[in-house]
Amino acid sequence: MKKTIWICVSGFCLFFFLFSTVYYFSYRNLELKKELELSRQQARGISEEQEETESQAESKTEEESVVAAENQNVLSVNDDMLYISQNYNETDGLLTETILPIPEEYMGLTREGLIEYLKTEGNGKSLVSFSSSRLVVRTRESVNPDHYRFLLAIEEGYLKIYYSDRSDVYMETYLTEEELPESEVEVLKKGYYVKDVAELYDYLESITS
């Protein structure tokens, strides 16, 4: 009887051990599958996020390129440009250049707008160069002293300002030839006419700044 009971207990223990072992490995295998699937989902999520980020970056770059292209197409006169006023004297064929502040009426005009505006100013003005860094406008005219109010000239090494008919000195500047830009010295030795006080002070500012 005792032997029978012992056999039953032993069999039950063996069965319980086998059942527990199978259950444990099945459970462990299921957990591993879940972890593997979760890792795959996370990897896919990261990959999709990277693709989305790269796509957004590419879109932003394309948008910036389009904006830059549009800005280039609508370039207008602004304070960042170097303004050079050229004067072509048809009498002696002399071409002179002067760096001046950009005229207020030019500000904000596009290339086409500036060309049309120059036609209305007279004096044969024309656009020579128009870029983001440089604006050059040329005036073609025969210099007639009667059309100007002042004459700037270098005499005895100093810059003097006369009335256009040289009847009297308007201003002694005490600026020496050495203090003036080399590009302007030759012009001033021959005499440079300006029309009014505003243009006079614009010119003096350009050669002394």
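What's counted below: heavy atoms across the whole structure, side chains too, no hydrogens, waters or symmetry copies. Sequence positions, counted from 1, serve as the residue numbers for this chain.
Under a 3.5 Å cut-off, the side chain of Thr173 and the backbone N or O of Leu159 do form a donor-acceptor pair. A donor-acceptor contact shorter than 3.5 Å is absent between the side chain of Asn87 and the backbone of Ser85.
Between Leu200 and Leu152 the shortest side-chain heavy-atom distance falls below 4.5 Å. The closest side-chain heavy-atom distance from Val137 to Ser126 is not below 4.5 Å. Residues Leu135 and Phe130 form a side-chain contact, since some pair of their non-hydrogen atoms from C-beta on lies under 4.5 Å apart.
Remark: Tyr203 pairs with Tyr192 by the ring pair (Phe, Tyr, Trp, His ring centres under 6.0 Å) rule, at least two apart or across chains. Under the rule for a side chain to side chain donor-acceptor pair (under 3.5 Å), Glu199 has no partner lying at least two apart in sequence or in another chain. Taking Glu179 as the reference, Thr176 meet the side chain to side chain donor-acceptor pair (under 3.5 Å) condition, with sequence neighbours excluded. Residues satisfying the salt bridge (Lys or Arg N to Asp or Glu O under 4.0 Å) test with Arg111, not counting sequence neighbours, are none. Among residues two or more places apart in sequence or in another chain, the salt bridge (Lys or Arg N to Asp or Glu O under 4.0 Å) test is passed with Glu205 by none.
Residue pairs meeting the salt bridge (Lys or Arg N to Asp or Glu O under 4.0 Å) criterion with at least one partner in residues 163-178, sequence neighbours excluded, are Glu155-Arg166, Glu177-Lys189.
Atom OG of residue Ser129 and atom CD1 of residue Ile84 lie 8.0 Å apart, to the nearest 0.5 angstrom.
Looking at Tyr148, Tyr162, Tyr201, Tyr163 one by one, the single match for ring pair (Phe, Tyr, Trp, His ring centres under 6.0 Å) with Tyr170 turns out to be Tyr163.
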